[in-house]
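For reference, the structure discussed in these notes is given below.
Values below: every heavy atom of this structure, side chains too, minus hydrogens, waters and symmetry copies. The shown structure was predicted, so the numbers you read here are calculated from the model rather than taken from an experiment.
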Amino acid sequence: MSFSAETKDELARIEEGKRCCNLAELAALVRMDGTLQIANHSYALNVITESAPVARKVYRLAKNLLGLPVDIMVRRKLRLKKNNSYMVKIYPRTLEDLQQLGLLDEEGEILPGIPNFLVKKKCDRIAYLRGAFLAGGSINNPEGTYHLEIITNDSLHAEALSKLLNKFHLGAKVSMRKNWHVVYIKESEHIVEFLGFIGAHRALLEFENVRVLKDMRNQVNRLVNCETANLNKTVDAAVRQVENIQRVAHTIGLQALPEPLREIAELRLEYPDASLKELGEMLVPKVGKSGVNHRMRKIDELAEKLEEQSKRIRKGG
């Protein structure tokens, strides 16, 4: 089972004690995954999902909360489908039943977005967002990139969901993907907060465990890369220094160098793998890293001058 499916399975098992919260969650589930049929002054709500726990939750809420007749049907997976699909068929008796769910107004017209009466209280807003995630949400496995989204085909509902999420300061944004409106969260801290307040505590702990391990791995990799880069610089510098010292030795001889430069040149030839600090500690008296570096630069400059002289002589010849 995917991380997203496990999260939904956990959320679908949550049972709220307050009627207002249950109503808000059912309203989100119905608005996200439902279609309304009206014929001969009778109504039917068809809620379709590929998640058995979500289908059971819709069934339970519609039956226990509103006391409405409910049927549930299973469509076996087709050859190209990964999962079975479930249709929960709800039979509202009156217009008021649909008004309770925030689908229609008093005139029987469809209400856009998220009606305010459903999300007045904080607990209702949380329940609505949980229902919206159960119906149209997904979350990436934290081993990969951090990404949580809720998709809907209704632009007004997408904007309303984004605003509702941002009441909790979650940095939600809306984008288009083909004909769908995608409400998404990318920051790992915000995803953790969202999972926490909608009640996905097991998923949150798993997410956090993976996130901590990833952060540690990334930190170790950065340190290793930094050390490797520093080591490469040290090796490259040592190779260049040895080459320049040999150029000086073959051209004018190391005995022609001032004693401080000759001492460090001889040590570098004897210990080509040593660091500048290690070379400085071998001198008597000891010299710091900056002092050794200063002497090496003097040798480099002399080697460059000798190379230029050699080039001019070759050209003149």
Side-chain angles (χ1 to χ4, degrees), residues 3 139-149 170-171 173 175 184-193 204-317:
F3 182 74
I139 179 172
N140 284 5
N141 189 314
E143 287 284 0
T145 55
Y146 301 127
H147 184 83
L148 181 146
E149 67 181 30
L170 297 178
K173 296 179 181 178
S175 66
Y184 65 91
I185 302 172
K186 284 217 170 273
E187 293 294 328
S188 59
E189 292 84 359
H190 293 156
I191 294 173
V192 166
E193 288 180 44
L204 184 155
L205 289 174
E206 184 177 346
F207 190 98
E208 280 286 63
N209 285 339
V210 173
R211 186 168 71 130
V212 168
L213 287 173
K214 278 179 66 177
D215 288 347
M216 288 179 63
R217 282 200 300 265
N218 290 338
Q219 187 174 359
V220 169
N221 287 338
R222 282 193 296 270
L223 289 172
V224 169
N225 290 338
C226 183
E227 289 294 331
T228 302
N230 289 337
L231 182 60
N232 287 337
K233 287 181 182 178
T234 301
V235 171
D236 291 344
V239 169
R240 186 193 70 247
Q241 290 160 6
V242 168
E243 290 176 349
N244 286 336
I245 291 168
Q246 289 174 341
R247 183 176 293 122
V248 171
H250 294 152
T251 306
I252 62 173
L254 295 183
Q255 294 303 321
L257 295 174
E259 185 176 352
L261 299 187
R262 179 176 54 77
E263 286 179 339
I264 201 67
E266 289 173 347
L267 276 176
R268 171 51 82 199
L269 291 177
E270 188 175 353
Y271 302 101
D273 297 328
S275 66
L276 296 182
K277 182 180 178 181
E278 290 169 339
L279 291 176
E281 290 176 349
M282 297 177 195
L283 293 169
V284 180
K286 294 181 180 179
V287 176
K289 180 180 176 181
S290 60
V292 174
N293 191 43
H294 175 73
R295 296 184 188 187
M296 286 298 184
R297 281 204 307 271
K298 290 289 186 181
I299 295 173
D300 289 342
E301 290 170 3
L302 176 59
E304 288 175 9
K305 288 180 182 178
L306 292 173
E307 178 65 17
E308 288 296 324
Q309 290 175 4
S310 177
K311 287 180 181 178
R312 286 197 294 271
I313 291 171
R314 287 198 297 270
K315 285 182 180 178

Check your understanding: Could you give the distance from CG (Leu231) to CG (Asp236), rounded to the nearest 0.5 Å?
Key -> 9.5 Å

Exercise for review: Determine whether Val287 and Ile264 make a side-chain contact, defined as any pair of heavy atoms from C-beta on separated by less than 4.5 Å.
Suggested key: no

Exercise for review: For Glu143, enumerate each residue passing the salt bridge (Lys or Arg N to Asp or Glu O under 4.0 Å) test, keeping only those at least two apart in sequence or located in another chain.
Suggested key: Arg217

Point to revise | All salt bridge (Lys or Arg N to Asp or Glu O under 4.0 Å) counterparts of Glu243, not counting sequence neighbours | key: none

Practice item. Quick one: pull up CD in Glu266 and CG in Leu279 and give me the separation to the nearest 0.5 Å. Key: 12.5 Å

Review point. With a 4.5 Å limit on heavy-atom distance, are the side chains of Glu278 and Tyr271 in contact?
Key: no

Practice item. Identify, with sequence neighbours excluded, every residue that meets side chain to side chain donor-acceptor pair (under 3.5 Å) alongside Thr228. Key: none

Practice item. Go through the structure and list residues passing side chain to side chain donor-acceptor pair (under 3.5 Å) with Glu208, not counting sequence neighbours. Key: Arg211

Review point. Can you list the residues that meet the salt bridge (Lys or Arg N to Asp or Glu O under 4.0 Å) rule with Arg240, with sequence neighbours excluded?
Key: Asp300

Review point. Any side-chain heavy atom of Val292 sitting closer than 4.5 Å to one from Leu267?
Key: no

Study note, to complete from the structure: Hits for salt bridge (Lys or Arg N to Asp or Glu O under 4.0 Å) against Arg222, two or more places apart or cross-chain, chain-then-number order -> none

Check your understanding: What residue pairs, at least two apart or across chains, pass side chain to side chain donor-acceptor pair (under 3.5 Å) with a residue in residues 246-257?
Key -> Asn244-Arg247, Arg247-Glu307

Revision key, fill the gap. Sequence neighbours excluded, the answer for side chain to side chain contact (heavy atoms under 4.5 Å, CB included) partners of Glu259 is Arg262, Glu263

Practice item. Kindly indicate whether the side chain of Arg268, heavy atoms from C-beta on, has any atom under 4.5 Å from the side chain of Met296. Key: yes

Review point. Is there any ring-ring contact (aromatic ring centres under 6.0 Å, His included) pair reaching into residues 207-227, and which pairs are they, with sequence neighbours excluded?
Key: Tyr146-Phe207

Review point. What pairs of residues pass the side chain to side chain donor-acceptor pair (under 3.5 Å) test when at least one of them lies in residues 280-298, not counting sequence neighbours?
Key: none

Exercise for review: Check the pair Leu302 / Leu257 against side-chain contact (heavy atoms from CB on, under 4.5 Å), numbers first and verdict last.
Suggested key: CA-CA 10 Å; Leu302 176 59; Leu257 295 174; 3.3 Å; yes

Point to revise | Partner set under side chain to side chain donor-acceptor pair (under 3.5 Å) for Ser310, not counting sequence neighbours | key: Arg314

Review point. Side chains of Leu269 and Leu254: closer than 4.5 Å at any heavy-atom pair?
Key: yes

**Study point:** Residues in side chain to side chain donor-acceptor pair (under 3.5 Å) contact with His147, at least two apart in sequence or another chain
**Key:** Glu149, Lys186

